[in-house]
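Every number for a ligand or one of its atoms is a count from 1 in the order of the listing. Computation of the quantities below employed the complete heavy-atom set of this structure, encompassing side-chain atoms and omitting hydrogens, waters and symmetry-equivalent molecules. Just so it is clear, the structure is predicted and the values come from calculations on it, not from any experiment.
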Amino acid sequence: MKYLSDCLFLFIWILYAPVESTSHGLRRHCDLSTPVCLRKLVQDVVPFFVNGIPERGISSLDPLTVENLNIVLSGGIAIDIHEGFTRGLRKCHVDSARNIDGTHYEVKLSCNLLIKGKYKSKGQLLMFAIDAEGDSTIKCKDLKMTATFELVPITKSDGKQYMKIQDFNSTHDFEGKVNFHLTNLFPGNPEMSEFVLKFLNENWRLVVEEFGGPFIEFGVKSVLNNVERIFDQIPALELAQMFIN
Ligand SMILES: *[C@@H]1O[C@H](CO)[C@@H](O)[C@H](O)[C@H]1NC(C)=O
């Protein structure tokens, strides 16, 4: 029951904190103005936002389906990912969460992600000319994300209060290793394919710094989209009650 009350209090607190932080008389076992307490609450609600609400058309983020992602990266290399998915968002660890001031928050996460799909790629990848398609598996360990955003209560035409993310920034850092497994990088040339794959893995940091950005952006957009749609569709108090039912 502690979990449920935490979730309920989180939303009530988020709803009223910008207006009045203590005078509404809510009491709980940990002080929500402390980062320790807030971190725990954010950690507790991660699975809810990741699971989405399929009956309201808000799909699950774990796995996050990547039906068709077309990206043109620096140097002009085009990468299409299809029949893909990303796993692991449900288990992201909330490293810290804090109220910066008023309605501004900062949340830091660490995630281990597995990205799988069919790829098709053409162009210059570092010093290699690529024209290939095959299967790809990318493992990303200890990806650190920092999100800062403004969370404001708004009253909609139904007279109810909803939460809205007003402003959002994020940064990321690849702390752990990234491992690539790409089949058929050089069609008909397994030795060269193996050689280039080995090179990419040995130089994974260079690769993710050069090419990782748009993929992270796609992930962040997907997560933000879920959070925004959940906030937009479900009144704040109803959201809190959903954790009780
Ligand atoms: C996002 O970044 C912009 C530009 O640096 C800044 O002005 C804004 O305050 C930031 N917003 C948040 C919520 O951190």
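Between His172 and Gly213, the shortest heavy-atom contact is CE1-CA, 4.4 Å.
Ion pairing of Glu194 with Lys198 is absent here, as no side-chain N (NZ or NE/NH1/NH2) approaches a carboxylate O to less than 4.0 Å. Comment: Lys118 engages Asp135 in a salt bridge, judged by a side-chain N to carboxylate O separation of less than 4.0 angstrom.
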Check ligand 1 for close polar pairs with the protein: N or O on both sides, less than 3.5 Å.
residue  : atom   : partner : partner atom : Å
ligand 1 : 2 (O)  : Asn169  : OD1          : 3.3
ligand 1 : 2 (O)  : Asn169  : ND2          : 2.3
ligand 1 : 11 (N) : Asp167  : OD2          : 2.9
ligand 1 : 11 (N) : Asn169  : ND2          : 2.9
ligand 1 : 14 (O) : Thr148  : OG1          : 3.0
ligand 1 : 14 (O) : Asn169  : ND2          : 3.3

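In this structure the side chain of Thr148 never reaches within 4.5 angstrom of the side chain of His104, judged on heavy atoms.
Taking the six-membered ring for Trp and the full ring otherwise, the centers of Phe195 and Phe186 sit at least 6.0 Å from each other.
Among Phe149, Phe49, Tyr162, the single residue meeting the ring-ring contact (aromatic ring centres under 6.0 Å, His included) criterion with Phe231 is Phe49.
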